[in-house]
Every structure is written in C-alpha cells, then in structure tokens.
Amino acid sequence: MDHSGTAPADDQQPPADDSHLGAPLVELSGVDKYFGDLHVLQDIELTVRRGEVLVVIGPSGSGKSTLCRAINRLETIDGGEIRIDGQPLPAEGRQLARLRADVGMVFQAFNLFAHKTVLDNVTLGPRKVRGLSKSDAEEEAFKLLDRVGVKNQAAKFPAQLSGGQQQRVAIARSLAMHPKVMLFDEPTSALDPEMINEVLDVMEQLAKEGMTMIVVTHEMGFARKAADRVVFMADGQIVEEATPEEFFHHPRSDRAKDFLSKILTH
Ligand SMILES: Nc1ncnc2c1ncn2[C@@H]1O[C@H](COP(=O)(O)OP(=O)(O)OP(=O)(O)O)[C@@H](O)[C@H]1O
Ligand SMILES: [Mg+2]
C-alpha cells in the first residue's frame with residue numbers, strides 16, 4: 001500500500017495536510033504473525049511518521065492488540081520487519097530494554113505495580129533504565145504527575161485511585177521514560193463513563209504537543225479531534241486507511257461500513 005499521502009485520482013477528498021509530520025518513526029513491512037494456525041497479522045504494511053497520531057480501529061479479534069504488542073516486542077513476529085527510528089527491533093538483551101524505553105505503552109487493564117506508590121511507579125523505570133538519581137527521578141515524576149492532573153495522589157497506592165486516575169498515572173509512568181512513540185491499547189475501555197474524558201483529554205494534550213502516538217480506540221471523538229489517520233483492521237489485515245473524517249463519513253469497504261453501523265448504534 002502507498003503511504004505517501006497522495007490521494008487516488010478518483011478520491012473527492014483533498015489530500016490531508018501532513019506538513020507537520022516528520023520522518024518515518026515506526027515502520028512495519030510485510031509483518032506476519034501466527035498463533036498456531038491463526039494468521040493474526042497478515043502482511044502488514046504501516047508507516048507512522050514522527051508527530052503523527054494514528055488511530056487503529058476494528059472488530060474484536062482483528063489483531064489490534066497483537067499489532068501493538070509486536071511493535072513493543074512483547075510478541076515476536078514470524079515474518080517481515082519492524083523498525084523504530086530506522087533500527088530493526090532487537091531480539092533481546094540491553095538493546096531490547098532500550099527499545100522498550102523508546103516505545104511507551106498504556107494498556108486497557110491498569111498495569112501499575114500494586115505494591116508500589118504512585119511516585120515509585122513513575123520513578124522506578126527512570127532510576128533503573130535511565131540511571132537517574134532518586135531526587136532527579138522524583139522531581140521529574142512530580143512534573144509529569146502534575147501534567148496529567150494527579151500530583152496530589154503521589155503517595156497513594158494504585159488501589160486507592162480511581163480507574164481514570166490510574167490510567168493517567170500509567171501515562172505519566174510511560175512518559176517518564178522519554179519514549180519516542182506511545183502506544184495506547186484501548187486505554188479507556190475499562191473505565192466508567194465519567195472517567196473516560198479525563199484520560200482522553202490527557203491524550204489529546206499529548207497529541208497537541210507533538211507526541212507520536214498509535215492509539216487503539218473506538219472513541220470517535222478522540223479520533224476526530226486528535227488523529228491524523230485512521231487504520232481499520234479486520235481479520236489480521238489493514239482493510240482501510242483514511243483521515244478520520246473520510247473514514248467515519250465515507251467508509252469504503254463493506255467490513256468498515258458494517259463495523260461502523262454497529263458502533264454508531266450503541
Ligand atoms: N497469546 C495468544 N495465543 C493464541 N491466540 C491469541 C493470543 N493472543 C491473541 N490471540 C488471538 O489472535 C487474534 C487477535 O487478537 P488481538 O488480541 O490482537 O485482537 P484485538 O483486535 O485486539 O481484539 P479486541 O478488540 O477484542 O481487543 C484473536 O483471534 C485472538 O483470539
Ligand atoms: Mg485488543
């Protein structure tokens with residue numbers, strides 16, 4: 001697939017303005033992944049440029065989480081190549097730890113360390129991987145916790161926080177590693193409705209500040225406001241790629257039309 005941003009000749013939409021985007025940062029070429037006989041990622045071609053916000057959307061089981069996990073090397077791939085900032089994903093060892101620092105990830109289920117305070121959750125990685133002193137790590141952690149609006153929760157344990165607060169701490173914890181790209185896998189889908197926006201607001205702010213983001217979400221409001229591009233996945237394939245407006249108003253494939261009619265009626 002051509003990712004250069006040029007619209008096909010029969011497309012009525014003008015090409016999206018991508019002048020704010022930089023060089024390719026995440027590149028997947030010919031990526032294949034199997035779970036036994038199940039071909040979960042099928043010849044995936046995808047390039048995410050520096051500063052780009054990509055929303056990944058698609059039915060359950062289509063491979064969205066596997067895609068994120070492959071980019072963070074939490075899953076191995078069986079074919080093709082993934083590059084981060086020009087470097088192929090390392091298999092293991094110190095380089096892998098460095099890659100993990102470059103690629104931040106926030107999951108659906110809250111994944112903070114339950115037995116550590118909020119402050120310790122945020123300072124642990126910078127101290128261990130980036131080699132910061134306790135006081136430097138804490139100084140930065142307070143700034144990040146302030147930025148996501150939970151500075152006053154620093155001494156608490158995760159279980160003492162609401163789901164929305166926990167997700168914002170998870171975002172701060174990822175940011176503390178100074179990632180080049182942030183992956184979000186349905187970060188609001190386990191939240192009570194009144195907490196969804198406080199997390200989406202933080203993500204939107206990050207997007208505005210130029211963070212490169214890959215976001216699996218069905219939150220169309222976020223996609224409309226923050227995404228440069230939407231990728232629709234089905235059965236392990238990228239079926240459609242468009243700007244949010246194009247995708248939500250003029251889906252081309254039957255799979256996307258069917259999917260949108262279901263989520264829009266909810
Ligand atoms: N560790 C695993 N072992 C075997 N099969 C798996 C494993 N992880 C995922 N799968 C299967 O791979 C397919 C893709 O799963 P994945 O979690 O990537 O989908 P998804 O698009 O994220 O779905 P959802 O919207 O429900 O989160 C599914 O059929 C799933 O059952
Ligand atoms: Mg998933």
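Counting starts at 1 for both ligands and their atoms, following the listed order.
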Please say whether S60 places an N or O atom under 3.5 Å from an N or O atom belonging to ligand 1.
-> yes
Output the list of atoms in ligand 1 that are nearer than 4.0 Å to some heavy atom of S65, sorted by atom number.
-> 17 (O), 18 (O), 20 (P), 22 (O), 27 (O)
Report yes or no: does T117 contribute a side-chain atom to a donor-acceptor pair with the main-chain N or O of D120 at less than 3.5 Å?
-> yes
What do you reckon, does S62 put a non-hydrogen atom under 4.0 Å from ligand 1?
-> yes
F232 ring centre to R252 NZ or CZ under 6.0 Å, with the angle to the axis within 45°?
-> no
Just by distance, do the side chain of H249 and the backbone of P244 share a donor-acceptor pair under 3.5 Å?
-> no
Which is it for L175 and K143 under the side-chain contact (heavy atoms from CB on, under 4.5 Å) test, yes or no, and what are the steps along the way?
-> CA-CA 11 Å; L175 291 175; K143 281 187 195 145; over 6 Å; no
Any idea which part of L67 is under 4.0 Å from ligand 1, heavy-atom wise: side chain, backbone, both or neither?
-> neither
Using modelled atom types only, decide if a donor and an acceptor are shared between the side chain of D228 and the backbone of V53 within a distance under 3.5 Å.
-> yes
Criterion side-chain contact (heavy atoms from CB on, under 4.5 Å) on V216 and L67, from CA distance to verdict = CA-CA 10 Å; V216 179; L67 181 79; over 6 Å; no
Hey, does Q108 sit under 4.0 Å from ligand 1 if you only count heavy atoms?
-> no
Option set H218, E186, R69, H39, criterion heavy-atom distance to atom 27 (O) of ligand 1, minimum = E186
Check whether any N or O atom of V40, backbone or side chain, sits under 3.5 Å from an N or O atom of ligand 1, and answer yes or no.
-> no
Could a heavy atom of C68 be found less than 4.0 Å from some atom of ligand 1?
-> no
